[in-house]
Amino acid sequence: MRSPFSRPPPPPPLVPEPTFVTLTTESKLIATIYFTCAAVALYFAYSCSGVNGGASNGASKAGPTPVTTFAAVAAALLLLVGPPDSVDTILRLVTLSEMPLGAIPAVLVLGAALTLAVSFLSIAFATPTPPTPPTPPSSTTPALPSSEATFQLLRRRRSVFPKDYTGAPVPRPVIERALEAANWAPTHGKTEPWRFVVFAGAALDALHTIKREATQRQLASKPVELAAALTKMDAKRAELEKVSAIVAIVRKRVPNAKGLLMPEWEETCAVACAVQNLHLQLTADGYVGYWSSGGVDGWADDPEVRRLVGADGAVDGARDKVLGWFHVGVTDKNPESFQARRGKLTEKVTWL
Ligand SMILES: Cc1cc2nc3c(=O)[nH]c(=O)nc-3n(C[C@H](O)[C@H](O)[C@H](O)COP(=O)(O)O)c2cc1C
């Protein structure tokens with residue numbers, strides 16, 4: 001008999017204490033399959049999402065991150081080889097509630113199917129967004145010039161000849177920057193075949209002498225032609241005094257990473273692109289110049305001249321070549337006054 005002072009027994013709990021499920025091998029296997037499916041689905045969705053460059057059409061789609069994929073893989077592994085407690089915890093998280101042990105496999109299979117379905121549907125119906133612009137080298141990189149500014153630079157670049165130079169010097173940093181711009185020319189095979197030799201100051205005077213002597217060697221057997229060439233050269237000498245620097249333009253034969261030579265015409269084009277870059281940069285900085293191809297197949301092909309400018313190499317019989325001389329100077333004339341005409345674009349372009 002119970003004493004009237006003794007306490008009554010505690011009431012039964014409203015919510016029954018959770019009983020940990022004891023997993024059968026079968027349910028463990030099903031759960032593992034679930035997380036493996038989830039991992040595969042998430043990885044697939046991620047790799048197709050364009051987040052990591054997966055989208056081949058350049059369109060970026062929303063997708064899960066590698067972290068979720070990684071978590072699913074980790075869960076699958078834990079279920080397979082982990083201690084029973086952690087297995088149980090994961091299953092509780094998955095099912096989100098207490099439920100009869102027998103229902104767990106069905107929920108897991110359903111979950112796996114849903115995960116796969118949602119992933120594939122999200123890939124199939126994702127709205128393409130514009131590709132992410134390339135990250136600039138640093139946050140301090142200036143913005144690109146506007147379309148109009150770029151067009152004006154291209155349109156107003158002019159070949160300006162020494163007769164229109166003032167004789168004022170072009171600062172060395174200006175020429176260095178123009179050469180840096182040249183170095184960003186496109187290059188098939190990444191051979192970067194452009195080489196430049198800058199003649200300024202006393203070296204410029206020496207170049208005139210070198211040119212004269214090379215012409216004498218070249219035309220030694222043709223006295224009439226030689227006399228005419230020297231007369232023309234001497235007449236131009238006064239004009240050339242106004243040139244601040246002359247840059248020898250060299251096409252070097254450079255094997256690519258596989259040891260192969262690119263076609264000669266491609267290397268010549270790459271050098272031409274480099275020269276155009278140089279010219280445009282000079283224009284943007286307020287200086288002028290022009291590309292002279294004078295003597296390219298004459299005095300500039302003389303062995304001593306080629307040696308002087310480092311164009312005396314050859315690879316498998318393919319020779320380096322001097323492609324001309326870029327004259328750099330300062331002008332006080334209005335650049336708009338320099339002759340520039342182009343034929344109709346419609347006669348040069350066909351749209352199909
Ligand atoms: C590969 C190449 C070689 C050139 N060689 C000479 C040359 O030897 N003498 C010359 O007066 N101009 C030469 N020029 C410059 C052209 O005369 C000039 O580009 C043309 O008149 C068009 O003028 P613009 O550059 O002002 O548009 C050359 C241009 C190029 C692209």
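Numbering of ligands and ligand atoms starts at 1, following listing order. All residue numbers refer to positions in the sequence shown, counting from 1. Everything numeric in this text was worked out from a predicted model, so none of it was measured.
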message: Other residues, nucleotides and ligands only: do more than 12 of their heavy atoms fall within 6.0 Å of NZ on Lys344?
response: no
### Message
Can you confirm whether more than 12 heavy atoms, excluding those of Asp316, are under 6.0 Å from its CG atom?
### Response
no
Logged contact type for Phe338 with ligand 1, heavy-atom cut-off 4.0 Å, is neither
If the contact criterion is a heavy-atom separation under 4.0 Å, does Arg342 count as touching ligand 1?
yes
Just to check, does Gly294 reach to within less than 4.0 Å of ligand 1 when the distance is taken from its heavy atoms? yes
Exercise for review: Apply side-chain contact (heavy atoms from CB on, under 4.5 Å) to the pair Leu323 and Val250, showing each step before the final yes or no.
Suggested key: CA-CA 6 Å; Leu323 294 182; Val250 174; over 6 Å; no
- Is there a side-chain contact between Arg157 and Ser159 (heavy atoms, below 4.5 Å)? yes
Atoms in ligand 1 flagged as close to [X], the criterion being non-hydrogen separation under 4.0 Å:
X: Ser292; result: 5 (N), 6 (C), 7 (C), 8 (O)
X: Arg157; result: 24 (P), 25 (O), 27 (O)
X: Arg158; result: 24 (P), 26 (O), 27 (O)

Tell me: protein heavy atom nearest [atom], and distance?
atom: atom 19 (O) of ligand 1; answer: Ser159 OG, 3.2 Å
atom: atom 8 (O) of ligand 1; answer: Ser293 N, 2.9 Å
atom: atom 17 (O) of ligand 1; answer: Phe161 CZ, 4.1 Å

Q. Side chains of Trp184 and Asn277: is there a donor and an acceptor less than 3.5 Å apart?
A. no
Between His279 and the options Trp291, Tyr287, Phe326, Tyr290, the ring pair (Phe, Tyr, Trp, His ring centres under 6.0 Å) test singles out Phe326
I'd like to check atom 25 (O) of ligand 1 in this structure: does the protein have a heavy atom lying under 4.0 Å from it? yes
Ranking Tyr290, Trp291, Trp325, Phe326 by closest non-hydrogen atom to atom 6 (C) of ligand 1, top hit is Trp291
ask   = Do Lys333 side-chain atoms and Val160 backbone N/O form a donor-acceptor pair below 3.5 Å?
value = no
The salt bridge (charged side-chain N to carboxylate O under 4.0 Å, His left out) partner of Glu264 among Arg251, Lys321, Arg319 is Arg251
